[in-house]
Amino acid sequence: MMSLDDYLCNGRWKRLLVIQTMVIKALRDFLVDNNFIELMPVITSVATDPLAPDPGSSIIGIPKIKYYDEELVLTQSMILHKQISLVSGLDRIFVFSPNIRLERRDRGKTGRHLFEFTQLDFEIAYGDMNFVMDLVEDMIIYVINKLLGSCKGLIESFNRSLTIPRKPFKRYTTHELIDEFGEEWEYKVSIIHKDPVWVVCHKREFYDREDPEKPGHFRNYDLVWPEGYGEALSGGEREWQYDKIVNRVGECSDVISFKGFKNYLYMARKGFLRPSAGGGLGIERFIRFLIGARHVGDVQLFRRVPGEKILF
Ligand code: ASN
């Protein structure tokens with residue numbers, strides 16, 4: 001919890017936000033150098049990522065606003081817009097995307113949840129999971145290298161010393177982790193590693209692609225920060241085929257209004273969606289890991305932690 005006094009100048013915010021600025025610059029430089037095109041974020045839409053079906057979700061509802069006779073929702077993630085942007089002929093896109101996710105109050109205690117945050121969302125036409133995972137490893141290593149080049153003293157001022165992770169990051173499946181650690185695998189796999197690790201094959205949102213060769217398995221992935229910091233990025237190969245999308249959407253018809261999804265489904269039905277893969281990297285979680293903050297809210301100047309009073 002932050003108090004009004006925490007806003008008085010003590011240098012911490014400036015040091016932290018210089019680090020954040022350098023991280024955002026390095027991420028952007030890396031993606032632009034790899035032929036990605038930057039989009040502007042979208043905040044209001046006819047439909048947003050329902051974050052469903054996902055047994056791990058704790059969303060209490062999707063915020064709506066009424067604008068004349070239009071009912072719009074606020075962005076939970078830009079996944080649908082990322083897929084539609086590729087229809088326009090773009091091949092590699094990224095966007096620093098503010099997300100609103102009204103998490104249950106008790107999620108404030110995990111240290112990892114915010115109800116408003118920014119993710120670096122990216123998508124690659126005809127990308128596959130191995131390509132994305134390799135690219136993300138390069139991106140993380142690039143950013144940490146840059147940071148140690150320009151901001152080592154600032155990082156150390158948070159009593160943090162960072163090492164550069166080595167490629168390839170270890171990979172696990174959710175199945176093996178559940179066998180070993182049970183449903184709370186995320187924290188447990190995170191705490192025992194010194195470098196980030198991948199966890200693949202999650203049964204979750206309708207847009208992540210089921211493995212055609214292994215039904216019941218999914219071609220998606222999470223990157224997990226080490227030392228107990230937990231999830232860093234989630235992403236996957238995408239479903240682009242109309243029939244499969246409709247089947248998967250049907251599984252979560254309680255949260256998806258088909259009305260809002262009409263235009264998205266039209267694009268799929270016409271065969272306009274392209275196969276793609278991508279992901280979203282949580283910016284505040286990345287900064288938390290880099291400076292070793294206790295709670296992800298501790299890196300937000302305007303803190304948005306579920307269950308906490310908002311000051312500004
Ligand atoms: N950004 C994620 C992705 O690309 C989706 C999400 O945030 N739920 O898969």
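Note that ligands are numbered from 1 as they come in the structure, with each ligand's atoms numbered from 1 the same way.
Among all protein heavy atoms, the one lying closest to atom 3 (C) of ligand 1 is R238 NH2, 3.3 Å. Scanning all protein heavy atoms for the shortest distance to atom 5 (C) of ligand 1 gives Y207 OH, 3.6 Å. When hydrogens are left out, the protein atom nearest atom 2 (C) of ligand 1 is S234 O, 3.7 Å; that is the closest non-hydrogen contact. For atom 1 (N) of ligand 1, the closest heavy atom belonging to the protein is D121 OD1, 2.8 Å.
Within the 4.0 Å heavy-atom criterion, neither part of D208 lies near ligand 1. At a heavy-atom distance under 4.0 Å, only side-chain atoms of E205, from C-beta outward, approach ligand 1.
Here is the list of ligand 1 atoms found below 4.0 Å of a heavy atom in L51: 8 (N). Listed by atom number, the atoms of ligand 1 under 4.0 Å from G235 heavy atoms are 9 (O). Annotation for ligand 1: atoms under 4.0 Å from non-hydrogen atoms of R101 are 6 (C), 7 (O), 8 (N). Less than 4.0 angstrom separates some heavy atom of S77 from each of these atoms of ligand 1: 5 (C), 6 (C), 7 (O).
Salt bridge present: R303 and E308 bring a charged side-chain N and a carboxylate O closer than 4.0 Å. Using a 4.0 Å cut-off between charged nitrogen and carboxylate oxygen, R219 and D128 do not count as a salt-bridge pair. Taking a cutoff of 4.0 Å between a charged side-chain nitrogen and a carboxylate oxygen, K188 and E183 do not qualify as a salt bridge. The existence of a salt bridge linking E156 and R160 is excluded, since no basic side-chain nitrogen approaches an acidic carboxylate oxygen closer than 4.0 Å.
For Y7 and W13, the ring centers are positioned 6.0 Å apart or more. When ring centroids are compared, Y264 and H81 stay outside the 6.0 Å threshold.
A cation-pi contact links R15 to F158, judged by a cut-off of 6.0 Å to the six-membered ring centre and 45° from its axis. Because its NZ or CZ atom is not both nearer than 6.0 Å to the ring centre of F36 and within 45° of the ring axis, R28 does not count as a cation-pi partner of that residue.
Considering backbone and side-chain atoms together, K82 places an N or O closer than 3.5 Å to an N or O of ligand 1.
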